[in-house]
Amino acid sequence: MKILLTGATGLVGSKLVELLISEGHELHYLTTRESAIENELKYKGFLWNVQEMTIDHKCLKGVDTIIHLAGETVFQRWTEDAKKRIMDSRVDSTQLLLNLLQENEHQVEQVITASAIGIYPDQQDGAAMRENEVPPTADNYLADVCIAWESMGMQFAEMGLRHAIVRIGIVLAKDGGALEQMAKPVKLYAGAGFGNGKMWQSWIAIDDLAGIFKHIAEEELEGVFNGVAPHPVRNRPMIESIGKKLDKPVVLPNVPKFVMKLMLGEMAAIVLSSQHVSSTKIEETGFVFELPNLEQALERYL
Ligand SMILES: NC(=O)c1ccc[n+]([C@@H]2O[C@H](COP(=O)([O-])OP(=O)(O)OC[C@H]3O[C@@H](n4cnc5c(N)ncnc54)[C@H](OP(=O)(O)O)[C@@H]3O)[C@@H](O)[C@H]2O)c1
């Protein structure tokens with residue numbers, strides 16, 4: 001396949017690049033930074049600027065599949081400016097890709113766009129949520145972003161293309177991402193849960209997440225899929241498992257909610273919210289997780 005990837009230089013994108021290239025796929029990718037452009041036989045970079053709505057249309061040449069991951073990081077203080085950048089970088093970039101396809105001859109047949117489990121209601125009780133269980137209205141900022149991002153993406157299907165959405169959970173990786181941040185205090189014997197420690201953390205190993213994108217592309221799947229591991233855990237047990245793996249017992253009491261909010265501002269919602277999310281649908285399509293249990297992921301990445 002010849003795939004156009006956005007967000008290729010990020011945490012998830014770089015793992016996906018590694019996997020797709022190792023499987024013999026050819027990649028074009030879009031970046032906002034000239035310094036990130038490479039021009040190899042099977043890995044070619046092209047520039048875009050989402051604020052100015054400009055894109056190098058040569059990125060489309062020969063492409064049959066688009067995977068769209070790009071978006072400004074949510075791990076920053078949520079000032080009004082930052083919130084606008086977080087939203088626009090996802091919604092406007094999707095619009096820019098739609099324009100690209102509408103205004104140019106192309107061979108694209110399928111598009112896979114990212115979303116996040118932040119779209120699900122924040123709740124500590126009840127069964128794991130499946131893809132069809134999202135309420136029609138958002139009740140917090142991250143859910144607003146996900147809904148706007150997914151709605152814009154649905155226009156790919158309206159254009160007659162196969163379209164799939166992956167609602168990504170908390171991505172665990174060796175370098176960067178949530179695990180590194182969670183492990184830092186634990187290494188200093190300062191590890192603790194947050195709030196009441198009972199929030200569901202629907203995590204996924206980065207190798208499995210890359211595998212899910214590849215599986216959806218190769219199997220030509222359509223619709224919404226949760227990108228989470230089959231065995232989510234609650235917050236305090238997760239931190240305790242990290243402590244156990246690092247041989248640094250977690251003994252401190254949980255950090256109260258109000259302290260988290262003072263430290264992180266509105267962005268504390270990312271660490272305090274609880275999403276119990278099901279992986280059943282992607283498994284029903286034949287996807288087999290390499291790292292279904294937290295202990296296996298910690299063994300690989302810590
Ligand atoms: N990591 C997680 O735990 C997690 C969880 C749920 C959802 N997700 C979603 O999955 C996607 C990938 O996550 P990630 O962790 O790999 O993110 P990341 O490491 O922050 O990488 C984001 C990528 O987006 C591009 N980007 C950043 N700001 C941009 C802007 N204003 N306009 C256009 N491109 C921009 C960057 O590419 P250039 O610098 O090359 O332009 C970068 O490669 C994101 O949309 C994220 O919201 C991630």
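Order of appearance sets the numbers: ligands from 1, and atoms from 1 within every ligand. What you see is a predicted model, and the numbers here were worked out from it, not measured in a lab.
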K.L.:
May I have all residue pairs that pass side chain to side chain donor-acceptor pair (under 3.5 Å) and include part of residues 150-160, sequence neighbours excluded?
P.N.:
Ser115-Glu150, Glu150-Arg167
K.L.:
What side-chain donor-acceptor pairs closer than 3.5 Å can you find for residues 246-257, not counting sequence neighbours?
P.N.:
from: Asn254; atom 1: OD1; to: Gly193; atom 2: N; distance (Å): 3.1
from: Asn254; atom 1: OD1; to: Arg236; atom 2: NH1; distance (Å): 2.7
from: Asn254; atom 1: ND2; to: Gly195; atom 2: O; distance (Å): 3.3

K.L.:
Can you list every protein residue that has a heavy atom under 4.0 Å from any atom of ligand 1, sorted by chain and residue number?
P.N.:
Gly7, Thr9, Gly10, Leu11, Val12, Thr31, Thr32, Arg33, Val50, Leu69, Ala70, Gly71, Glu72, Ser89, Arg90, Ser115, Ala116, Trp149, Ile168, Gly169, Val171
K.L.:
Once you measure the plane-to-plane angle for Tyr29 and Tyr43, does it fall in the parallel (<30°), tilted (30-60°) or perpendicular (>60°) bin?
P.N.:
parallel
K.L.:
Salt bridge (charged side-chain N to carboxylate O under 4.0 Å, His left out) with Asp122: which residues, sequence neighbours excluded?
P.N.:
none
K.L.:
Go through it in stages, so that I can follow the logic: the residues are Ser279 and Phe287, the test is side-chain contact (heavy atoms from CB on, under 4.5 Å), and I'd like the CA-CA distance, side-chain angles, deciding distance and then a yes or no.
P.N.:
CA-CA 10 Å; Ser279 62; Phe287 181 77; over 6 Å; no
K.L.:
If the test is side chain to side chain contact (heavy atoms under 4.5 Å, CB included), which one of Leu60, Ile3, Asp64, Leu100 qualifies with Val108?
P.N.:
Leu60
